Amino acid sequence: MSNDSLANLLKEERRFAPPADLAAHANVTAEAYEQAKADRLGFWAEQARRLTWAKEPTETLDWSNPPFAKWFKDGTLNVAYNCVDRHVEAGHGDRVAIHFEGEPGDSRAITYAELKDEVSRAANALLELGVRKGDRVAVYMPMIPETAIAMLACARIGAAHSVVFGGFSSDALATRIQDADARVVITADGGYRRGKPSALKPAVDEAVERAGIVEHVLVVRRTGQDVAWSDSRDLWWHDVVGRQSAEHAPEAFEAEHPLFVLYTSGTTGKPKGILHTSGGYLTQVAYTHSAVFDLKPESDVFWCTADVGWVTGHSYIVYGPLANGATQVMYEGTPDTPHQGRFWEIVQKYGVTILYTAPTAIRTFMKWGDEIPAKFDLSSLRVLGSVGEPINPEAWIWYRRTIGADRTPVVDTWWQTETGAMMVSPLPGVTEAKPGSAQRALPGIEATVVDDEGNEVPNGGGGYLVITEPWPSMLRTIWGDDQRFIDTYWSRFEGKYFAGDGAKKDDDGDIWLLGRVDDVMLVSGHNISTTEVESALVSHPSVAEAAVVGAADETTGQAIVAFVILRGTASESDDLVAELRNHVGATLGPIAKPKRILPVAELPKTRSGKIMRRLLRDVAENRQLGDVTTLTDSTVMDFIQAKLPSSS
Ligand code: WT7
């Protein structure tokens with residue numbers, strides 16, 4: 001990536017020091033970086049002691065057969081015991097583990113003691129259904145406590161779960177069931193979404209039919225809607241789990257025992273089953289959840305707004321917070337049901353102190369207007385987190401000012417399904433924060449930016465993000481496909497993990513993420529990142545959201561095409577479009593001026609909130625649309641296409 005076009009983000013000069021009181025009592029201080037630098041494996045061995053091992057590991061890392069890592073390989077532990085039982089044994093049985101808030105407004109508080117009983121019952125139920133250590137169980141659920149309970153029950157008996165996001169189609173579910181060879185599916189009749197019950201069971205029925213290998217379907221009753229029933233296959237959770245004993249003695253498994261397989265959809269090719277194992281994964285999610293959010297389990301109320309169907313939900317709803325004995329909120333529904341202040345109402349109701357959400361949500365809240373959060377008491381908040389894509393400085397500042405009263409640190413956490421846990425992020429009691437930058441690798445992690453040849457770039461340079469040393473929560477392989485694991489992540493640069501993200505280092509050596517490398521445009525020989533042009537557009541007061549793509553162009557190779565959502569008050573006009581083009585030109589340089597800017601009402605997003613640039617590229621190049629099945633709302637594309645003149 002050339003540097004001349006990468007100037008925009010570096011112009012961001014606002015800096016935010018950690019609040020003095022937070023810094024004074026922070027879980028992690030600057031010393032951690034030095035300690036980990038001096039002895040990285042010693043540092044992780046020490047972090048592993050956060051967990052309760054049945055047999056303490058004596059070997060930290062076996063890297064004798066790269067890229068296949070073994071962390072803590074002679075240690076044994078039970079992950080569910082670590083997330084539940086040990087907190088009860090330590091006298092915290094009455095602490096609330098999960099404050100569940102249903103979309104219709106029903107709520108339920110589950111203590112650690114209750115969670116232990118429920119997880120034990122569910123574990124006994126799975127055993128009764130014939131699930132054994134080493135098996136896989138598919139989980140296709142709404143955001144309800146039983147989802148976490150089901151995952152922990154699998155972990156407890158040594159079966160790997162494979163959670164499939166409840167918004168995915170029966171097709172997607174069927175291929176994942178087949179690939180993972182899952183014989184049991186745990187689901188619900190449905191969940192609540194946008195004010196009404198949304199069915200899940202019919203998709204499971206279809207998928208199970210297609211996959212042809214499922215023996216039992218365990219169904220949680222959530223909505224009470226009618227469901228088709230197969231007497232030989234389907235079982236109600238409340239029957240089968242309900243009648244089990246609440247006693248279950250957890251068995252210790254090896255640290256490298258599989259914990260879960262989670263499929264990443266990716267933009268091309270067959271989904272990849274990312275395999276995570278037990279001891280290293282739990283060590284890094286527990287450490288990062290404590291360090292990056294400065295979690296104090298006795299007093300904090302943590303809320304991660306992700307769905308459990310994504311890795312964020314696995315690591316920062318289920319495993320990290322529960323391993324740390326935290327109290328957290330789990331919310332079933334959408335942010336605008338029944339009103340656009342729902343998130344802030346929940347923060348107020350539970351006194352949420354740490355909030356973890358995504359830039360796409362933050363930009364949506366900006367668009368809805370400051371007066372909505374202003375109606376609620378958000379004074380309990382003390383740390384704000386962001387994850388999922390680069391957060392543009394405007395959204396970062398809005399998050400801090402409007403939600404955090406200009407008081408709370410914002411931690412922009414870079415990681416992936418594959419990395420299992422956070423990798424690059426500020427620490428709230430240490431880092432002088434820069435809006436828009438994830439800044440530096442966490443203690444114990446070695447990340448840098450390299451050029452096309454794999455050489456580390458100097459400060460000020462741009463290229464690709466790589467991880468240069470193995471880390472405890474790294475993926476162990478792609479399920480059933482070691483070669484694809486090697487090819488995808490370890491072949492681009494010798495001996496380094498290739499993350500697939502463009503990145504650059506600023507003059508201080510801080511890392512700025514620039515989006516997936518497939519999202520880099522080549523305009524008249526200049527590399528321009530879609531993220532930078534989007535960021536420039538969103539910094540204009542009339543623009544709420546922007547998505548930028550490179551469309552094939554005869555003269556320039558690629559031409560920049562921008563799709564923008566205007567803010568409530570701005571109205572669409574040629575003047576405004578011209579102004580926006582000039583604004584980008586003034587911010588990034590004339591080469592980055594979009595050739596076309598199209599105001600639209602919505603952008604096509606995947607269910608995890610990522611903009612599907614592939615579809616916008618299809619539109620910009622007048623092609624027939626590719627696969628739209630992973631979109632949250634496929635009608636969005638009809639509206640966008642209708643707006644376009646038929647030629648470019
Ligand atoms: C990709 C991974 C990590 C859990 C959710 C997504 C992008 C993620 C950031 C961030 C810039 C980010 C990257 C990464 N990404 N967090 N803070 N700044 N980009 O997991 O679906 O596996 O996606 O999300 O492009 O590679 P995922």
Side-chain angles (χ1 to χ4, degrees), residues 9 163-165 167-168 260-267 271-276 284-285 288-289 292 304-320 356-363 384-393 395-396 399 410-426 431 433-442 445 447 449 464-467 473-475 478 488-489 492 497-504 510-520 529-532 534-535 605-613 630:
L9 291 171
V163 181
V164 178
F165 174 56
F168 278 151
F260 65 85
V261 177
L262 181 60
Y263 289 83
T264 53
S265 33
T267 38
K272 301 188 276 280
I274 303 301
L275 175 69
H276 283 288
Q284 195 174 329
V285 294
T288 52
H289 182 255
V292 172
C304 167
T305 70
D307 192 281
V308 183
W310 310 120
V311 74
T312 310
H314 282 59
S315 301
Y316 299 104
I317 295 178
V318 181
Y319 294 111
Y356 193 28
T357 195
T360 175
I362 296 165
R363 287 190 299 266
L384 301 176
S386 172
V387 64
E389 54 175 318
I391 178 165
N392 50 293
W396 194 105
Y399 195 26
V410 171
V411 286
D412 173 10
T413 64
W414 179 90
W415 58 293
Q416 310 174 295
T417 305
E418 293 87 340
T419 68
M422 297 167 184
M423 301 292 281
V424 182
S425 169
T431 317
K434 296 178 180 173
S437 171
Q439 296 187 271
R440 64 187 284 200
L442 286 166
I445 302 298
V449 180
Y464 308 94
L465 185 73
V466 293
I467 319 287
S473 65
M474 63 196 279
L475 76 164
I478 292 174
T488 310
Y489 306 107
R492 179 78 173 76
Y497 172 85
F498 171 58
D501 280 352
K504 65 185 172 186
D510 280 323
I511 296 174
W512 296 70
L513 276 309
L514 299 171
R516 304 293 301 165
V517 280
D518 353 318
D519 295 339
V520 172
S529 115
T530 56
T531 303
E532 284 191 304
E534 285 162 11
S535 197
K605 288 192 185 146
T606 63
R607 289 163 212 256
S608 59
K610 292 193 205 306
I611 293 168
M612 286 192 79
R613 293 198 180 75
T630 54

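Reckoned from all heavy atoms, side chains included, excluding hydrogens, waters and symmetry mates. Atoms within a ligand are numbered from 1 in the order they appear, just like the ligands themselves. Not measured: the values here are computed from a predicted model.
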Minimum-distance protein heavy atom relative to [atom]:
{"atom": "atom 8 (C) of ligand 1", "result": "G388 C, 3.3 Å"}
{"atom": "atom 10 (C) of ligand 1", "result": "E389 O, 3.5 Å"}
{"atom": "atom 3 (C) of ligand 1", "result": "W415 O, 3.1 Å"}
{"atom": "atom 11 (C) of ligand 1", "result": "P390 N, 3.1 Å"}
{"atom": "atom 27 (P) of ligand 1", "result": "T417 OG1, 3.5 Å"}
{"atom": "atom 1 (C) of ligand 1", "result": "K610 NZ, 4.0 Å"}

Exercise for review: Inspect the contact between R613 and E534 and indicate whether a charged nitrogen and a carboxylate oxygen are less than 4.0 angstrom apart.
Suggested key: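 So E534 pairs with R613 through a salt bridge.
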
Are any of the N/O atoms on [X], whether in the backbone or the side chain, positioned under 3.5 angstrom from an N/O atom of ligand 1?
{"X": "D501", "value": "yes"}
{"X": "G515", "value": "no"}
{"X": "T312", "value": "no"}

Exercise for review: Evaluate the side-chain proximity of Y489 to E418: yes if any heavy-atom separation is below 4.5 Å, no if none is.
Suggested key: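 They are in side-chain contact.
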
**Study point:** Flag side-chain contact, heavy atom, 4.5 Å: H314 against V285
**Key:**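 No. Closest side-chain heavy atoms not under 4.5 Å.
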
Check your understanding: Side chains of Y356 and T413: donor-acceptor distance under 3.5 Å anywhere?
Key ->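 Per modelled atom types, Y356 and T413 side chains form a pair under 3.5 Å.
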
Exercise for review: Look at the aromatic rings of Y316 and W415 and report parallel, tilted or perpendicular, splitting at 30° and 60°.
Suggested key: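 The rings of Y316 and W415 stand perpendicular, inter-plane angle above 60°.
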
Check your understanding: Which of parallel (below 30°), tilted (30 to 60°) and perpendicular (above 60°) describes F498 and Y464?
Key ->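 Correct class here is perpendicular.
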
Enumerate the atoms of ligand 1 whose separation from the nearest heavy atom of [X] is less than 4.0 angstrom.
{"X": "V311", "result": "4 (C)"}
{"X": "D412", "result": "10 (C), 17 (N), 18 (N)"}
{"X": "L513", "result": "11 (C)"}

Review point. Which part of Q416 is near ligand 1, with near meaning a heavy atom under 4.0 Å away: side chain, backbone, both or neither?
Key: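 It is both parts that get close, each with some atom under 4.0 Å.
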
**Study point:** Location of contacts on T413 toward ligand 1, heavy atoms closer than 4.0 Å
**Key:**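 Contact part for T413 vs ligand 1: backbone (N, CA, C, O).
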
Review point. If you look at every heavy atom in W396 and G436, which pair is closest and at what distance?
Key: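 Closest approach of W396 to G436: CD1-N, 3.6 Å.
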
Exercise for review: From the options V387, T419, L442, select the one residue that forms a side chain to side chain contact (heavy atoms under 4.5 Å, CB included) with W414.
Suggested key: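 Only one option passes, and that is T419.
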
Review point. Between CE of M423 and CD1 of I445, what distance do you get to the nearest 0.5 Å?
Key: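 That separation rounds to 4.0 Å.
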
Review point. Should one rank R516, E418, K272, M422 by closest heavy-atom distance to atom 26 (O) of ligand 1, which comes out on top?
Key: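 It is R516 whose heavy atom sits nearest to atom 26 (O) of ligand 1.
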
Point to revise | Among K504, K434, R440, salt bridge (Lys or Arg N to Asp or Glu O under 4.0 Å) partner for D510 | key: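 Option passing the salt bridge (Lys or Arg N to Asp or Glu O under 4.0 Å) with D510: K434.
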
